[in-house]
Amino acid sequence: IQPVHVVGGGLAGSEAAWQLAEAGVPVVLHEMRPVRATDAHQTDRMAELVCSNSFRSDDAEYNAVGLLHEEMRRCGSLILRSGDGAKLPAGGALAVDRDIFAGAVTQALESHPLITIERGEIAGLPPTDWDSVILATGPLTSPALAEAIRDLTDESSLSFFDAIAPIVYKESIDFSRAWYQSRYDKVGPGGTGKDYINCPFEKDEYIAFIQALLDGEKTEFKEWEKDTPYFEGCLPIEVMASRGVDTLRFGPMKPVGLTDPNTGRRPYAVLQLRQDNALGTLYNLVGFQTKLKYAEQTRVFRMIPGLQNAEFARLGGLHRNTFLNSPKLLDGGLRLKAMPRLRFAGQVTGVEGYVESAAIGLLAGRFAAAERLGREIAPPPPTTALGALLGHITGGADAETFQPMNVNFGLFPEPEQDPDPKKRIKGRERKKLYTGRALADLDGWLGGTRLAAE
Ligand code: FAD
């Protein structure tokens, strides 16, 4: 069997290589460290954690990332197995000793008979005689490769910075204050004239909000992030606020073309929320990319009228991050539509986080293995965390506004419930409807997709 080439030995590439090899497919894993460094990695180990040592919640009953952990364990994930083996006490989170973790991943890959590790940069498109390649080069993909990928796609389909506005669950918005309306009731293609959710500010509420933005604690840019050309095009909201009290009111918070049905007049300022996924469960705060610390974001954004009880599916941020416009460029099997011998995996596909990156590596590895072995493989069901995440990046997300995403319950189809609203399960217990369904459906999927050569 000809090898599959995996480029990048990070979280995603390590997992992809492992899944391929365990399915009986030979792999050449290309990692540029230590020959060439990135701005964040410190070692030459595979799956090095560049920042925090946490894989976040390990609660598979009530938490979407905990569920993803469990699904990956059931798929034989090397990243989860090594994480479990390096576990540190951290309450309900899966935190790891980073050296033990990366050491275990490296050792497992080095000693697998079907895996060959080659150290060196792939400094352009992979050679044409590599007929199956997984590119898992991460948020800090080397410039030569990024350039080649950009030439293959187009200028605007590969980003070098993410500018994430916070995203809320629609069900947590208070519609006694908020209302649906597009500016000037404009009906765009496929629209209704009521495409946005609007949150109105009275003058005193606006002034207090601006002050809170200015006073809020911010995250600093890292030294190497400072000269990346993101500014002006998409300023953090607190930077706009610092330019004058009215800057936001004449920018993303302008109230023109909107009438508050509660007062019958134009509000002093408005926050608009735009639908973020095809399911319509998630809405982003338009223009609200921010460097405020996470705890501050939750506090400050709950000052917005209508969002006082908001639950956030993800918080805002601004980072150096190379990622594709996957909903536009990739097919459901993570292949580049323009060159299907190339698959993508990890953070570069527009997922966010260690676990999500490894999860997409796991799927890319399984898809590439099935292809090599001539076996059919269906994508995981959309009711599973793996399927929900894959579905989001390869089609569910809006390509126009695509920004990296963590796994969260807003990406899953809603569970079926009793039509009688009084009998519906709500709040925390509702999460168990998602997780129970997910694990049952995952087991069904795994049962139907035997990959390993018997
Ligand atoms: P990586 O783990 O970065 O792996 C990519 C690999 O490809 C690297 O080993 C790199 O050396 C190699 N490579 C790159 N280009 C080439 C090439 N041309 N040829 C050969 N090899 C190449 N997520 C969290 O969950 N928690 C955090 O605390 C966190 N902190 C982060 C901090 C920073 C500074 C950054 C940039 C990201 C952070 N992330 C964090 C986001 C993300 O989860 C991690 O970046 C994660 O490592 C992504 O996994 P990956 O496999 O896609 O990429």
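Just so you know, ligand 1 is whichever comes first in the structure, and atom 1 is the first atom listed for that ligand.
For atom 38 (C) of ligand 1, the nearest non-hydrogen atom from the set Val348, Leu49, Val50 comes from Val50. Nearest to atom 11 (O) of ligand 1 by heavy atom, out of His30, Arg119, Glu31, is Glu31. Considering only non-hydrogen atoms, atom 53 (O) of ligand 1 lies nearest to Gly138 out of Gly361, Gly346, Gly138. Of the listed residues (Pro126, Pro404, Ala136, Gly8), the one carrying the non-hydrogen atom nearest atom 5 (C) of ligand 1 is Ala136. Nearest residue to atom 32 (C) of ligand 1 from Ala37, Ala12, Cys51 is Cys51 (criterion: closest heavy atom).
Between Arg320 and ligand 1, a contact under 3.5 Å exists for no N or O pair. Considering backbone and side-chain atoms together, Arg33 places an N or O closer than 3.5 Å to an N or O of ligand 1. Annotation: Ile122 places an N or O atom under 3.5 Å from an N or O atom of ligand 1; distance criterion only. For Tyr354, a nitrogen or oxygen atom sits less than 3.5 Å from a nitrogen or oxygen atom of ligand 1, counting backbone and side chain alike. Checked by distance only, ligand 1 and Thr141 stay at 3.5 Å or farther apart across all their nitrogen or oxygen atoms. Between Met32 and ligand 1, an N or O atom pair is found at a separation short of 3.5 Å. By the 3.5 Å distance cut-off applied to N or O atoms, Glu352 is not counted among the residues near ligand 1. When only interatomic distances are considered, the shortest N/O to N/O separation between Gln347 and ligand 1 falls below 3.5 Å.
The contact set between ligand 1 and Leu145, taken as ligand atoms under 4.0 Å from a residue heavy atom, comprises 18 (N). Below 4.0 Å from some heavy atom of Ser52 lie the following atoms of ligand 1, by number and element: 28 (O). Each of the atoms 19 (N), 20 (C) of ligand 1 lies under 4.0 Å from some heavy atom of Val7. Taking every heavy atom of Gly120 and a limit of under 4.0 angstrom, the matching atoms of ligand 1 come to 20 (C).
Donor-acceptor pairing under 3.5 Å is recorded for the side chains of Asp174 and Gln308. Counting only N and O atoms by type, the side chains of Thr281 and Glu171 include no donor and acceptor under 3.5 Å apart.
For the pair Val355/Val407, no side-chain contact is recorded, criterion being any heavy-atom separation below 4.5 Å from C-beta on. Side-chain contact between Asn277 and Met405: absent, with no pair of heavy atoms (C-beta onward) separated by less than 4.5 Å. Residues Pro252 and Met240 are in side-chain contact: their nearest non-hydrogen atoms beyond the backbone lie under 4.5 Å apart.
Here the two rings, on Phe101 and Tyr354, have centers that are 6.0 Å apart or farther.
More than 12 heavy atoms of other residues, nucleotides or ligands sit less than 6.0 Å from atom CD of Gln417. Heavy atoms from other residues, nucleotides or ligands lying under 6.0 Å from CD of Glu429 number more than 12.
When non-hydrogen atoms are compared, ligand 1 lies under 4.0 Å from neither the backbone nor the side chain of Ala47. Proximity of Ser357 to ligand 1, defined as any heavy-atom pair under 4.0 Å, is confined to the side chain (atoms from C-beta onward). At a heavy-atom distance under 4.0 Å, only side-chain atoms of Thr38, from C-beta outward, approach ligand 1. Both the backbone and the side chain of Leu11 come within contact range of ligand 1, each with a heavy atom under 4.0 Å. Residue contacts with ligand 1 for His41 involve side-chain atoms from C-beta outward but no N, CA, C or O (heavy atoms, distance under 4.0 Å).
For the ring pair (Phe, Tyr, Trp, His ring centres under 6.0 Å) condition, the pairs that include at least one residue of residues 8-29, sequence neighbours left out, are Trp18-His112.
Taking CD1 of Ile197 as the reference point, atom NZ of Lys170 lies at 6.5 Å (rounded to 0.5 Å).
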Checklist entry - What do the steps show when you test Lys431 against Asp59 for salt bridge (charged side-chain N to carboxylate O under 4.0 Å, His left out), and what is the final call? => result CA-CA 11 Å; Lys431 298 190 171 150; Asp59 178 349; over 6 Å; no
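Taking the six-membered ring where tryptophan is involved, the planes of Tyr434 and Phe412 are perpendicular, since the angle between them exceeds 60° and thus also 30°. In this pair, Phe312 and Phe301 present their aromatic rings tilted. The plane angle is within the 30 to 60° band.
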